[in-house]
Amino acid sequence: ASSDYLPHSEKLFLSWVVNFLKSLSPLVGQVGFPVDKYQELSAARDDFALKLKTAVEPSTRTPVAVRAKNDARALLERCTRKAVAEYLANNHLLDDPGRVSLGLPPRKTTRSPAPTPTTAPGFSINPLAGRRLEARFHARGKEGERRQAKPFGVHGAEIAWAILDAPPASHVDLVHSTFGTRSPYIFQFDFPDAGKRLYCCLRWENTRGEKGPWSEIQSAIIP
């Protein structure tokens with residue numbers, strides 16, 4: 001389940017945008033939505049609709065057509081999210097029935113507190129070119145590791161790390177600390193560190209600054 005208001009399917013996404021613009025048209029003057037932004041979104045919708053049709057028709061489907069369709073969707077989605085965030089998300093002139101008609105969630109009257117994290121992140125450390133390592137982290141589900149970047153209410157992951165000659169006894173020996181709000185987090189090292197071993201572990205931190213338990217310690221050789 002996702003709280004995102006935009007559908008993932010391309011056909012459903014296009015249908016959502018068509019309804020959004022149709023419902024927004026009579027509201028433009030009432031809620032202060034700029035006419036030029038509405039026209040920009042309409043043009044991006046038409047461009048995506050045309051390129052989607054070209055990309056799915058067997059007679060016109062080519063790698064170039066598919067790339068053009070993907071680029072058109074990305075542009076339309078980016079413009080839509082930006083317009084919603086700037087002109088509609090916190091617009092007091094737009095009531096809840098109006099939001100629902102646009103395909104947007106109603107305004108929350110109460111804010112749910114972010115829960116304290118109770119699980120540790122799952123993560124892996126992978127080598128990259130140029131003396132870099134990436135820590136790719138994700139949430140753990142009850143049925144195993146789920147590839148969600150972060151659990152609900154989590155702001156990011158605190159990363160404790162150190163370059164050591166021997167495995168640490170616990171996270172206390174990892175004397176450096178950094179913070180990653182998005183996965184992956186990229187470590188960049190200097191030339192003298194190449195060939196040494198990095199040890200690190202992670203824990204979640206929610207939007208209120210409350211921290212969860214530490215993960216297991218993992219290690220990797222710095223390229």
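The structure displayed is predicted, hence computed values, not measured ones. Values reported hereafter were calculated over all heavy atoms of this structure, with side chains retained and with hydrogens, waters and symmetry mates removed. In what follows, residues are counted from 1 in the order of the sequence shown.
By the 4.5 Å heavy-atom criterion applied to side chains, R45 and S42 are counted as neighbours. The closest side-chain heavy-atom distance from I217 to P167 is not below 4.5 Å. Contact of the Y5 side chain with the V84 side chain is registered, since non-hydrogen atoms from C-beta on lie closer than 4.5 Å. When side chains are defined from C-beta on, V66 counts as touching R61, because their heavy atoms get closer than 4.5 Å.
Side-chain atoms of T116 do not come within 3.5 Å of backbone N or O of E210 as any donor-acceptor pair. Between the side chain of S215 and the main chain of L202, a donor-acceptor pair closer than 3.5 Å is present. D190 places no side-chain N or O within donor-acceptor distance of the main-chain N or O of P192, the cut-off being under 3.5 Å. In this structure, the side chain of D165 does not engage the main chain of K196 through any donor-acceptor pair within 3.5 Å. The backbone N or O of I186 lies less than 3.5 Å from no partner atom in the side chain of R132, so there is not a single donor-acceptor pair. Under a 3.5 Å cut-off, the side chain of S15 and the backbone N or O of L12 do not form any donor-acceptor pair. Looking at N91, its side chain does come within 3.5 Å of a backbone N or O of V31 through a donor-acceptor pair. R182 contributes no side-chain N or O that, together with a main-chain N or O of G156, makes up a donor-acceptor pair within less than 3.5 Å. In this structure a side-chain-to-backbone donor-acceptor pair under 3.5 Å is present from W16 to G103. The backbone N or O of A157 sits nowhere less than 3.5 Å from a side-chain atom of K150 that would complete a donor-acceptor pair.
Atom CG of N90 has 12 or fewer neighbouring heavy atoms from other residues, nucleotides or ligands inside a 6.0 Å radius. Residue K82 places its NZ atom among 12 or fewer non-hydrogen atoms of other residues, nucleotides or ligands, all under 6.0 Å distant.
Under the 30°/60° scheme for interplanar angles, the aromatic rings of Y185 and F187 are found to stand perpendicular. Ring planes of F179 and H155: parallel class, angle under 30° (limits at 30 and 60°).
Residues L76 and A44 come closest through the heavy atom pair CD1-CB, 3.7 Å. In plain terms, the two heavy atoms of P213 and P117 that are nearest each other are CD-O, 3.9 Å. Closest heavy-atom contact between A65 and A55: O-CB, 3.9 Å. Heavy atoms only, all atoms of each residue included: I221 and L133 are closest at O-CD2, 3.6 Å. A160 and W214 make their closest contact through CB-CH2, 3.6 Å (heavy atoms, listed as atom of the first residue, atom of the second, distance). Listed here is the closest heavy atom pair of P115 and N206: O-ND2, 3.1 Å.
Atom CD of E77 sits about 5.0 Å away from atom CZ of F13, to the nearest 0.5 Å. Once rounded to the nearest 0.5 Å, the distance linking CG of L14 with OG of S9 reads 9.5 Å. In this structure, R203 CZ and F137 CZ are separated by 14.5 Å, a value rounded to the nearest 0.5 Å. Rounding to the nearest 0.5 angstrom, the gap separating the CD1 atom in I163 from the CG atom in D193 is 4.0 Å. How far CG of L174 is from CD1 of I159: 11.5 Å, rounded to the nearest 0.5 Å. Atom CD of residue Q188 and atom CD1 of residue I222 lie 10.5 Å apart, to the nearest 0.5 angstrom.
Following chains of ILVMFWY side-chain contacts shorter than 4.5 Å, one can reach Y87 starting from L41, so the two form part of one hydrophobic cluster. The cluster map of Ile, Leu, Val, Met, Phe, Trp and Tyr, joined by side-chain heavy atoms under 4.5 Å apart, puts F48 and L6 in the same cluster. Linking ILVMFWY residues whenever their side-chain heavy atoms come closer than 4.5 Å, directly or via other members, leaves L75 and L21 in distinct clusters. Criterion: ILVMFWY side-chain heavy atoms under 4.5 Å apart, direct or through other members. Under it, F20 and V18 are part of a common hydrophobic cluster. Transitive grouping of hydrophobic side chains (ILVMFWY, heavy atoms separated by less than 4.5 Å) keeps F189 and L128 in distinct clusters.
Salt-bridge annotation for E158 and K211: present, with a side-chain N of the basic residue lying under 4.0 Å from a carboxylate O of the acidic one. Salt bridge annotation for K69-E10: present, with a cationic side-chain nitrogen under 4.0 angstrom from a carboxylate oxygen.
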Trace of the side-chain contact (heavy atoms from CB on, under 4.5 Å) decision for W161 with T178 = CA-CA 8 Å; W161 65 276; T178 186; 4.2 Å; yes
task = Evaluate the side-chain contact (heavy atoms from CB on, under 4.5 Å) criterion for residues D46 and L50: first the C-alpha distance (whole Å), next the side-chain angles of each, then the deciding distance (0.1 Å), finally the verdict.
result = CA-CA 6 Å; D46 294 342; L50 177 62; over 6 Å; no
request  = Given side-chain contact (heavy atoms from CB on, under 4.5 Å), test F123 with E216 step by step and report yes or no.
outcome  = CA-CA 9 Å; F123 75 102; E216 73 281 2; 4.2 Å; yes
